Amino acid sequence: MNYTKFKIAVQMPVLLAALMTALVLPVHQASAAETSNHASKPETAVSYHTVEIDGVKVFYREAGPRNAPAVLLLHGFPSSSHMFRNLIPQLADRYHVIAPDYPGYGQSGQPAMDKFTYSFDHLAAVVDKFTSQIGLTKYALYVQDYGAPVGYRLAAAHPERISAIVVQNGNAYQEGIDNPFWDPIKAYWKDKTQANAAKLRPVLEMDATKWQYSEGFRDAALHVSPDTWVLDQAYLDRPGNKDIQIELFYSYGTNPPLYPAWQAYFRKHQPPMLIVWGKNDKIFPAAGATPYLRDLPQAELHLLDSGHFALEEEGDQIGRLMHDFLDRKVPR
C-alpha cells in the first residue's frame, strides 16, 4: 500500500471535522450573540394578547418594561390599535405601552347588536374593566377621534389614575364639531330614522375611508401606506359591522352633553396635556384644538401640517414630542 495515500486517507476525516468546526462554530457564536442581543431589547418588541371582558374578546398590543410608567393608546374610527403600530416601538424603550381594540374594531370580538350595547358609555366601561384586568392603576392617555370620548370618560371617573393626556384630533369642545362634516350626523341625533341613517352609510365605504387618510395630508401618496385604509375597510365590511358603526354614530350624540363635565375635570385636576393636532383635518379641525387652552393654560399645543390620522405623516415628530413631554411630566 502506498503509505502517503494511506496517511491522507486516515487523516482526511480529522481534517474535515476540523474544517466543519471552523465553519460552524462562528455561526453558532453569531446565533448566540443575536439571541443575547435580542434578549437585551425585549422592551421594544410588540406582543399581541387577548383578554375576555364580560364575555367579549378584547385584543391588545403591548410593549415596554412592565415596571415603567404606563401609556394607554385609544384609537379612533374606523381604525384600531393598528394605527399605533409605529408609535408603540418609539415609546417602548422607556414606557409600558398598551393599545386595545374596542369591541367591534380590529381584532377584538364583534358581538351581535342584540347581545352587546354599542354605545360610548359601554365602550368606556369595557376599556375601564380592561385596564383593571391587566393591572393598570396609573397611566397616561393618548386619545384620537373616538378615543377622546372613551378616554375622557375614564379620566373623569378616575382622575387619580391619569398621569398625563396626549390629544391628537380628539374633541371635547363644541367648536370642534361646528363644521359641515357633522351636519348629517347631528340630524341623525335629532331624528333616528332609516332615511337619516342612509345618509351616513357612504361614510362607511372605501372612498370615505381613503379620504380620511388623504384629506389634508401634505403628500398622502408619499407618506401614507395604502394598507391603512384597506385594512380599516376590511373591518368595516365584515357582516353586521356597518350597522354597529351607524349605532355608534348615533351614540356619539351622548358626548357633547358631557363636554362641560370633561372641561370641569380639566380645570379641577389640571392633567399635564400635550396637544398634537393635524390642523388640516376636516372632521376635527384646529378649531377644536385651541379651546383646550381655556381650561388647561399650561397645555402644550402643536398644530401639525397634516390631516385626521396625523400619525401616518407625522409619526416621528409626534413620537419625539411625546417622549419629551412624558419624560418631563410623568413621574418615574
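Bear in mind that the values here come from a model prediction, so they are computed numbers and not experimental data.
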Please work out whether the ring planes of Tyr250 and Tyr188 are parallel, tilted or perpendicular, with thresholds of 30° and 60°. perpendicular
Salt bridge (Lys or Arg N to Asp or Glu O under 4.0 Å) assessment of Asp128 paired with Arg161: CA-CA 11 Å; Asp128 194 9; Arg161 299 182 186 176; 3.0 Å; yes
Asn255 (side chain) donor-acceptor with Pro149 (main chain) under 3.5 angstrom: no
Just wondering, do Leu274 and Ile165 contact through their side chains at under 4.5 Å, heavy atoms? no
Where do Ile88 and Leu73 come nearest, in terms of heavy atoms and distance? CG1-CD1, 3.7 Å
Judged by atom type as modelled, is there a donor-acceptor pair below 3.5 Å linking the side chain of Glu312 to the main-chain atoms of His223? no
Do you know the tightest heavy-atom contact between Thr209 and Pro78? CG2-CG, 4.3 Å
Flag the pair Val143 / Val166 as yes when at least one side-chain heavy-atom distance between them is below 4.5 Å, and no otherwise. no
Would you mind reporting whether Gln110 and Phe116 have side-chain heavy atoms less than 4.5 Å apart? no
Does Asp295 reach the main-chain N or O of Phe266 with its side chain, forming a donor-acceptor pair under 3.5 Å? no
Centroid-centroid distance, Phe249 to Trp182, less than 6.0 Å: no
Measure centre to centre between the rings of Tyr152 and Tyr265, then say whether the value is under 6.0 Å. no
Would the number of heavy atoms belonging to other residues, nucleotides or ligands and lying under 6.0 Å from NZ of Lys242 be above 12? yes
Would you check if Lys279 and Leu304 make a side-chain contact, meaning some heavy-atom pair closer than 4.5 Å? no
With a 6.0 Å cut-off on ring centres, are Phe120 and Tyr252 close enough? yes
Which atoms form the tightest heavy-atom contact between Ala286 and Leu303, and what is the distance? CB-CD2, 4.2 Å
Testing Gln107, Arg61, Glu62 for side chain to side chain donor-acceptor pair (under 3.5 Å) with Ser81, which one passes? Arg61
Given the side-chain rings of Trp262 and Tyr173, with only the six-membered ring counted for Trp, is the space between their centroids under 6.0 Å? no
Would you mind checking if Arg328 and Asp324 are paired as a salt bridge, meaning a charged N to carboxylate O distance below 4.0 Å? yes
Is there a side-chain contact between Ile134 and Arg66 (heavy atoms, below 4.5 Å)? no
Ring-face cation of Arg320 near Phe325 (centre distance under 6.0 Å, axis angle within 45°): no
Tightest non-hydrogen contact, residues Leu72 and Pro100, listed as CD1-CD, 3.8 Å
Cationic N near anionic O, under 4.0 Å, Glu314 to Arg218: yes
Would Glu175 and Arg294 satisfy salt bridge (Lys or Arg N to Asp or Glu O under 4.0 Å), going step by step from the backbone distance to the final call? CA-CA 13 Å; Glu175 294 95 322; Arg294 292 200 300 257; 2.8 Å; yes
Minimum-distance pair of heavy atoms, taken over all atoms of Leu91 and His323: CA-NE2, 4.1 Å
Donor-acceptor pair, side chain of Ser79 and main chain of Gly76, under 3.5 angstrom: no
Kindly say whether the aromatic ring centers of His75 and Tyr102 come within a distance under 6.0 Å. yes
Using 0.5 Å steps for rounding, measure from the OG atom of Ser108 to the CG atom of Leu123. 10.0 Å
Does the distance from a Lys or Arg side-chain N to an Asp or Glu carboxylate O, for Asp243 and Arg201, drop under 4.0 Å? yes
Checking Asp281 against His308: is there a side-chain donor and acceptor pair closer than 3.5 Å? yes
Can you confirm whether the side chains of Gln174 and Asp178 place a donor and an acceptor under 3.5 Å from each other? no
Taking all heavy atoms of Gly176 and all of Pro285, pick out the closest pair and write down the distance. O-CD, 3.7 Å
Strictly distance-based, threshold 3.5 Å: is any side-chain N or O of Arg238 a donor or acceptor partner for the main-chain N or O of Gly104? yes
Heavy atoms, side chains only, cut-off 4.5 Å: are Val46 and Pro89 in contact? yes
CE-CD1 distance between Met113 and Ile246, expressed to the nearest 0.5 angstrom: 9.5 Å
Where the side chain of Asp101 meets the backbone of Phe59, is there a donor-acceptor pair that is under 3.5 Å apart? no
Is there a side-chain contact between Trp211 and Val203 in this structure, where contact means two heavy atoms from C-beta onward sitting under 4.5 Å apart? no
Could you check whether Tyr105 and Tyr235 have their ring centres less than 6.0 Å apart? no
Stepwise, does the salt bridge (Lys or Arg N to Asp or Glu O under 4.0 Å) test hold for Glu52 with Lys57? CA-CA 5 Å; Glu52 190 170 292; Lys57 181 187 77 171; over 6 Å; no
Do Glu247 and Lys192 sit within salt-bridge range, that is, some charged N less than 4.0 Å from a carboxylate O? yes
Donor-acceptor contact below 3.5 Å, side chain Lys186 vs main chain Ile177: yes
Near-ring test Tyr142/Phe84, centroid separation under 6.0 angstrom: yes
Evaluate the side-chain proximity of Pro297 to Gln270: yes if any heavy-atom separation is below 4.5 Å, no if none is. yes
Short side-chain to backbone donor-acceptor contact, His82 and Leu231, under 3.5 Å: no
Polar side chain donor-acceptor pair, Asn169 to Asp145, under 3.5 angstrom: no
Looking only at atom types and distance, does a side-chain atom of Lys138 sit under 3.5 Å from a main-chain N or O of Glu160, one as donor and one as acceptor? yes
Glu215 (side chain) donor-acceptor with Gln212 (main chain) under 3.5 angstrom: no
Hey, what do you get for CD1 (Ile98) to OH (Tyr139), rounding to the nearest 0.5 Å? 10.0 Å
